[in-house]
S.K.: 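First the structure, which I've put down as structure tokens, then a few questions once you've had a look.
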There are 2 protein chains.
Amino acid sequence: MILIDYKDPRPIYEQVTERFAELILKGALESDFKMPSVRTLAMELSINPNTIQKAYMELERRGFIYSVKGRGSFVAGNDSLVIRHRQDCLKRLGDLASEALEYGVTKKEMIETIEKIKEGKS
Amino acid sequence: MILIDYKDPRPIYEQVTERFAELILKGALESDFKMPSVRTLAMELSINPNTIQKAYMELERRGFIYSVKGRGSFVAGNDSLVIRHRQDCLKRLGDLASEALEYGVTKKEMIETIEKIKEGKS
DNA sequence: TAACTGTACTATCATGAATAATACAGTTAG
DNA sequence: CTAACTGTATTATTCATGATAGTACAGTTA
């Protein structure tokens, strides 16, 4: 479910955070799904529990999960998260396109690039 | 010409590198323009000469400038760099669009976003 | 020749990521 | 009830990286 890439320059806690956010946003993890415990996941990934704790705190701060002392951490309802993320994707795309325009890339080229994308190539 | 943003999480040498790359790619610095010397620029920015040295080494590695011991560093010819950067922009845009597709953003939304961009809004 | 250039090297410091080891409080299955 | 699990918090240590500081050497130029 989670893989750590030690060639990735990003810190481990960030990779874990992003990976779970991705799974939740793509609907791979249902609402109220019980997340692996901090200690269990740390064991599985052969890393320190504090690193997982940091990732879970960040996921909770961003609304992806909720944690209950003694019970565990669970996936939060994700409808508004999905909507927010789509808006964020569009914003990032617009920003990147604006930048590309400044470097001389044309809107036509960009639109053609998007139209050429094969759907479902994950 | 160069400004350091201490709120930017990126290291200083990277900010300097990216800023010069931007100036060169946008044609603000002509070929063979003499770059400020390592020590001069360090003085101006109130940072360490080694930090500028690192930025210039990176700029040279990426083909933006060339350095001559005793004479200085100079902007390299930038035609192929510009072409390469436009291709890179398009690739990044395509990658981001592919990712957005996986999160449920439609091509139509993306294309509309691009079409709405006001040109020359830098 | 003096003052400038790039380049290289070593040492030091601050910061953040990660580890390590506890500790405490709440939950739950046996 | 209790043992074993949960999340959470805290402190100390290690390590890598960015940045600073100081020095040195080689080449250029007015």
Side-chain angles (χ1 to χ4, degrees), chain A residues 1-21 24 29-76, chain B residues 1-21 24 29-76:
Chain A
M1 193 189 294
I2 301 286
L3 272 180
I4 297 173
D5 179 4
Y6 285 98
K7 283 164 289 184
D8 192 324
R10 292 179 309 165
I12 296 176
Y13 81 89
E14 197 176 316
Q15 291 186 44
V16 174
T17 302
E18 290 308 312
R19 177 64 177 139
F20 273 116
I24 293 171
L29 299 180
E30 308 252 323
S31 293
D32 300 317
F33 171 83
K34 186 175 186 313
M35 303 275 289
S37 84
V38 166
R39 292 172 179 81
T40 301
L41 185 55
M43 280 279 294
E44 279 179 20
L45 300 180
S46 304
I47 60 178
N48 195 279
N50 295 350
T51 305
I52 301 297
Q53 181 185 351
K54 191 168 181 181
Y56 278 17
M57 280 175 57
E58 176 65 11
L59 283 167
E60 185 164 23
R61 194 191 63 78
R62 286 166 56 182
F64 286 99
I65 65 175
Y66 61 93
S67 298
V68 186
K69 198 191 289 189
R71 295 196 57 224
S73 300
F74 307 87
V75 174
Chain B
M1 193 188 294
I2 300 287
L3 273 181
I4 296 174
D5 179 4
Y6 286 97
K7 284 165 289 184
D8 192 323
R10 292 178 310 165
I12 297 175
Y13 80 91
E14 197 175 315
Q15 291 185 43
V16 174
T17 302
E18 290 308 314
R19 178 64 177 140
F20 273 116
I24 293 170
L29 299 181
E30 307 254 321
S31 294
D32 300 317
F33 171 83
K34 186 173 186 312
M35 302 276 289
S37 84
V38 167
R39 292 172 179 82
T40 301
L41 185 55
M43 279 279 294
E44 278 180 21
L45 299 181
S46 303
I47 60 177
N48 195 281
N50 296 348
T51 305
I52 302 296
Q53 182 184 352
K54 192 169 181 180
Y56 279 16
M57 281 175 58
E58 177 64 11
L59 283 167
E60 185 164 23
R61 194 191 64 78
R62 286 165 58 182
F64 286 99
I65 66 174
Y66 60 94
S67 298
V68 186
K69 198 191 288 188
R71 294 196 55 224
S73 299
F74 307 87
V75 174

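Letters go in sequence order (proteins before strands), and every chain restarts at 1.
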S.K.: Can you measure from OG1 (A:T17) to CD1 (A:I2) and round to the nearest 0.5 angstrom?
M.R.: 9.0 Å
S.K.: Quick one: label B:E60 by what it contacts on the DNA or RNA (base, sugar-phosphate, nothing), any heavy atom closer than 4.0 Å.
M.R.: sugar-phosphate
S.K.: With a 4.5 Å limit on heavy-atom distance, are the side chains of B:Y56 and B:M35 in contact?
M.R.: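 In short, these two side chains touch, coming nearer than 4.5 Å.
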S.K.: Report yes if a side-chain nitrogen or oxygen of A:K69 is closer than 4.0 Å to either non-bridging phosphate oxygen (OP1 or OP2) of C:dT27; otherwise report no.
M.R.: no
S.K.: What is the distance, rounded to the nearest whole Å, between atom CD of B:Q15 and atom C1' of D:dT17?
M.R.: 16 Å
S.K.: Nearest whole angstrom, please: distance from the C1' of D:dA9 to the CD of A:Q53.
M.R.: 7 Å
S.K.: From CD of B:E58 over to C1' of C:dT7, roughly how many Å is that when rounded to an integer?
M.R.: 17 Å
S.K.: Take the protein atom CD1 of B:I52 and the nucleotide atom C1' of C:dA8, then report the distance between them rounded to whole Å.
M.R.: 17 Å
S.K.: Taking the side chain as every heavy atom from C-beta outward, state whether A:L45 and A:I12 have any atom pair closer than 4.5 Å.
M.R.: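 Side chain of A:L45 against side chain of A:I12, heavy atoms only: no contact under 4.5 Å found.
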S.K.: Would you say B:Y56 reaches C:dG6's phosphate, i.e. side-chain N/O to OP1/OP2 under 4.0 Å?
M.R.: no
S.K.: Expected output check: what is the dot-bracket annotation of DNA chain D, where ( ) and [ ] are pairs inside the strand (brackets for crossing ones), | is paired with another strand, and pairs are Watson-Crick or G-U under 3.5 Å?
M.R.: ||||||||||||||||||||||||||||||
S.K.: What is the separation between atom CD1 on B:I65 and atom P on C:dT5, rounded to the nearest whole Å?
M.R.: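 From B:I65 CD1 to C:dT5 P: 14 Å.
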S.K.: Atom CE of A:M57 and atom P of C:dA17: how far apart are they, to the nearest Å?
M.R.: 13 Å
S.K.: For B:S73 and C:dG6, is the shortest distance between a side-chain N/O and OP1 or OP2 below 4.0 Å?
M.R.: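 Checking B:S73 against C:dG6: at least one side-chain N or O falls below 4.0 Å of OP1 or OP2.
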S.K.: Let's see if you get this right: which residues in residues 29-44 of chain B place a heavy atom under 4.0 Å from DNA chain D?
M.R.: B:R39
S.K.: Consider side chain to side chain contact (heavy atoms under 4.5 Å, CB included). Of B:Q53, B:M57, B:E60, which one does B:S67 pass it with?
M.R.: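 Exactly one option meets the side chain to side chain contact (heavy atoms under 4.5 Å, CB included) with B:S67, and it is B:E60.
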S.K.: In whole angstrom, what separates A:N48's CG from D:dT14's C1'?
M.R.: 12 Å
S.K.: Walk me through it: do A:M1 and A:F20 pass the test side-chain contact (heavy atoms from CB on, under 4.5 Å)?
M.R.: CA-CA 9 Å; A:M1 193 189 294; A:F20 273 116; 3.9 Å; yes
S.K.: Would you kindly compare B:G72 and A:P11 by the position of their nearest DNA chain C nucleotide and give the one closer to the 5′ end?
M.R.: B:G72
S.K.: Quick check: on DNA chain D, is the nucleotide nearest B:I47 upstream (toward 5') of the one nearest A:S67, or the reverse? Name the residue that is more 5'.
M.R.: A:S67
S.K.: When you check the phosphate oxygens OP1 and OP2 of C:dT28, does a side-chain N or O of A:R71 lie under 4.0 Å from one of them?
M.R.: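 Yes.
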S.K.: Using whole Å, what does the distance between atom P of nucleotide C:dA20 and atom CD1 of A:I12 come to?
M.R.: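 Roughly 11 Å, once rounded to whole Å.
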S.K.: Does D:dT20 have OP1 or OP2 sitting under 4.0 Å from an N or O in the side chain of B:T51?
M.R.: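 Yes, B:T51 has a side-chain N/O under 4.0 Å of OP1/OP2 on D:dT20.
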S.K.: Side chain of B:K54: nearest nucleotide among D:dA21, C:dT19, D:dG18?
M.R.: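 Taking heavy atoms from C-beta onward, the closest nucleotide is D:dG18.
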S.K.: Under 4.5 Å between any side-chain heavy atoms of A:V75 and A:Y66, yes or no?
M.R.: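 Answer no - side chains too far apart.
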S.K.: Which comes earlier along DNA chain D counting from the 5' end, the contact point of A:V68 or that of B:Y6, where each point is its nearest nucleotide?
M.R.: A:V68
S.K.: Mind checking whether A:T51 and A:V16 have side chains closer than 4.5 Å, heavy atoms only?
M.R.: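 Contact flag for A:T51/A:V16 side chains = no.
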S.K.: When you look at A:R10 and A:E18, which way does the side-chain contact (heavy atoms from CB on, under 4.5 Å) test go after all the steps?
M.R.: CA-CA 11 Å; A:R10 292 179 309 165; A:E18 290 308 312; 3.7 Å; yes
S.K.: Between atom CZ of A:R19 and atom CD1 of A:I24, what is the distance when rounded to the nearest 0.5 Å?
M.R.: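 Those atoms lie 11.0 Å apart.
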S.K.: Got A:E44 and A:T40 here, is their nearest side-chain heavy-atom distance under 4.5 Å?
M.R.: yes
